[in-house]
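All remarks here apply to the structure that follows.
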Amino acid sequence: SDFIGGVVALNNENSKIEECYNNGNIEGTADGTGGVVGASSGNVLSCYNTGKVTNTTGERVGGIMGELQGTVSLCYNKGEVIGNKCVGGIVGIAFGNISECYNEGSVISTGYGEIGGICGQIGMNHAVIIENCYNTGDIIADASSTAYIGGILGWLSQTGTSGKIINNYNIGKIVIKGSGNSSYSGIIGRIVTDSLSKFEIANNYFIEGTLQKGSNIQGQSKRGEEMKTKEFAELLGMEKWQIISSKNNGYPILKNIKY
């Protein structure tokens, strides 16, 4: 398959993409479409995307990258992301680590797939970390049936995966348009039961009133006003987080990203 990215199609192992951005609309048809990178086995940091990213025929679609094998950090997406399967505001499918990233764009599924505000799916048999991330964009199941919908992660998948999902929050709405949606939640859409014992899932929060359906639901609900306080930022950790009332509607932001 042919990867498509707004800056680089394929970032190989031991390579780094830093301080790059894309403002144009990106449209792919094969697996691996991203606003900045199609697929990456290296490091991607301090990059952003504001363009619309669309792939409704292939899989693995993300605001920053479609497929992650390496690491992504200090990145953000403000563009709308539309895909069929494995669709995320930052990463479509992750086999590597995501840290200190945020998404503001709407994430929309047009098929029976997995969608998340930060990541659509964690891939099989990899130790993956998603930490210190937040989502404010709406997560929209636009198809007649969409499998797994999460404010941070769509699907924590097959046996063999391990890692951490810690210090994240979601204030984006989950919008369900079809009747055949199986599982959705403010943090993780669905968790395979075997993965619960292998992942550390802690200190994740979603705004009160978020739609939820399914088993193994994770995270804690909080009122919006409560999430705008210094005390909430301290829960997430002041080493990485801060409150600036004029930024992000008063919700916590990441210290190491330039706003």
Side-chain angles (χ1 to χ4, degrees), residues 1-24 26 28 31-51 53 55 59-79 81 83 86-105 107 116-135 152-154 156-157 161-168 199-200 236-237 239-241 253-259:
S1 62
D2 298 322
F3 301 117
I4 295 177
V7 177
V8 174
L10 177 63
N11 182 39
N12 290 317
E13 191 175 2
N14 300 321
S15 297
K16 181 168 69 173
I17 298 172
E18 186 173 6
E19 295 186 353
C20 294
Y21 66 90
N22 172 63
N23 294 326
I26 305 297
D31 294 351
T33 303
V36 176
V37 186
S40 177
S41 298
N43 300 321
V44 177
L45 65 155
S46 300
C47 296
Y48 69 86
N49 172 66
T50 63
V53 182
N55 184 335
E59 302 179 5
R60 308 184 177 194
V61 189
I64 297 298
M65 70 182 70
E67 179 178 320
L68 171 65
Q69 299 275 355
T71 65
V72 58
S73 59
L74 303 172
C75 292
Y76 64 87
N77 173 63
K78 296 190 176 185
V81 183
C86 298
V87 189
I90 298 297
V91 173
I93 188 168
F95 302 93
N97 298 336
I98 306 169
S99 63
E100 294 178 80
C101 294
Y102 73 88
N103 173 62
E104 290 185 1
V107 183
I118 296 298
C119 180
Q121 178 181 340
I122 287 179
M124 184 172 61
N125 296 329
H126 281 71
V128 173
I129 297 172
I130 301 175
E131 63 180 349
N132 295 311
C133 296
Y134 70 88
N135 174 65
I152 297 296
L153 172 66
L156 175 50
S157 56
T161 54
S162 63
K164 299 178 182 180
I165 301 173
I166 56 173
N167 295 351
N168 306 291
F199 262 75
E200 179 187 350
L236 295 169
E239 180 184 352
K240 302 290 186 182
W241 297 87
I253 60 174
L254 292 158
K255 279 186 173 180
N256 295 321
I257 289 184
K258 297 176 183 177
Y259 286 80

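No hydrogens, no waters, no symmetry mates; every other heavy atom, side chains included, goes into these values. It should be emphasised that the depicted structure is a prediction, and the values quoted were computed from it without experimental measurement. For the single chain, residues carry numbers from 1 onward in sequence order.
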| Can you list the steps and then say if Asn132 with Ser99 is a side-chain contact (heavy atoms from CB on, under 4.5 Å)? | CA-CA 6 Å; Asn132 295 311; Ser99 63; 5.7 Å; no
| query | To the nearest 0.5 Å, what is the distance between CD1 (Ile17) and CE (Met65)? | reply | 7.0 Å
| Can you name the nearest heavy-atom pair linking Cys86 to Gln121, along with the distance? | SG-OE1, 3.3 Å
| Audit row: Ile165, Ile122, side-chain contact (heavy atoms from CB on, under 4.5 Å) steps and yes/no | CA-CA 11 Å; Ile165 301 173; Ile122 287 179; 4.2 Å; yes
| request: Would you check if there is a donor-acceptor pair between the side chains of Thr71 and Asn43 at a distance under 3.5 Å? | output: yes
| Shortest non-hydrogen contact between Met124 and Phe95, atoms and distance | N-CE2, 4.0 Å
| request: Kindly assign one of parallel, tilted or perpendicular to the pair Tyr102 and Tyr76, based on the angle between their ring planes and the thresholds 30° and 60°. | output: parallel
| query | Taking it one step at a time, do Cys47 and Val7 satisfy side-chain contact (heavy atoms from CB on, under 4.5 Å)? | reply | CA-CA 10 Å; Cys47 296; Val7 177; over 6 Å; no
| said: Any side-chain to backbone donor/acceptor pair from Tyr21 onto Thr50? Under 3.5 Å, distance only. | reply: no
| Do the charged groups of Glu100 and Lys240 touch, with an N to O distance under 4.0 Å? | yes
| message | Measuring from atom CD1 of Ile90 to atom OG of Ser73, what distance do you get when rounded to the nearest 0.5 angstrom? | response | 11.0 Å
| Does the pair Phe3 and Val8 meet the rule for a side-chain contact (heavy atoms from CB on, under 4.5 Å), with working shown? | CA-CA 9 Å; Phe3 301 117; Val8 174; over 6 Å; no
| Can you check whether Cys133's main-chain N or O pairs, donor with acceptor, with Asn168's side chain at less than 3.5 Å? | yes
| query | Between Ile130 and Cys119, which heavy-atom pair has the shortest distance, and what is it? | reply | CD1-CB, 4.1 Å
| task | Specify the closest pair of heavy atoms between Tyr134 and Ile118, including all atoms of both residues, with the distance to one decimal. | result | O-CD1, 3.4 Å
| Interatomic spacing from SG in Cys20 to CD1 in Ile64 - rounded to 0.5 Å | 10.5 Å
| How many angstroms lie between CD in Glu19 and CG in Leu45, if you round to the nearest 0.5 Å? | 7.5 Å
| message | Any side-chain to backbone donor/acceptor pair from Asn23 onto Gly51? Under 3.5 Å, distance only. | response | no
| message | I'd like to know whether NZ of Lys164 has more than 12 heavy-atom contacts from other residues, nucleotides or ligands below 6.0 angstrom. | response | no
| said: Quick check for you: to the nearest 0.5 Å, what is the distance between Glu131 atom CD and Glu200 atom CD? | reply: 9.5 Å
| said: Ignoring hydrogens, what is the shortest heavy-atom contact between Ala94 and Ile98? Give both atom names and the distance. | reply: CB-CD1, 4.1 Å
| query | Can you check whether Glu59's main-chain N or O pairs, donor with acceptor, with Asp31's side chain at less than 3.5 Å? | reply | yes
| query | Which pair of heavy atoms, one from Glu239 and one from Lys255, lies closest together, and at what distance? | reply | O-CD, 3.7 Å
| field | Exceeds 12 heavy-atom contacts within 6.0 angstrom, atom CD of Glu13 | value | no
| said: Nearest 0.5 angstrom please: Ile4 CD1 to Ile26 CD1, how far? | reply: 8.0 Å
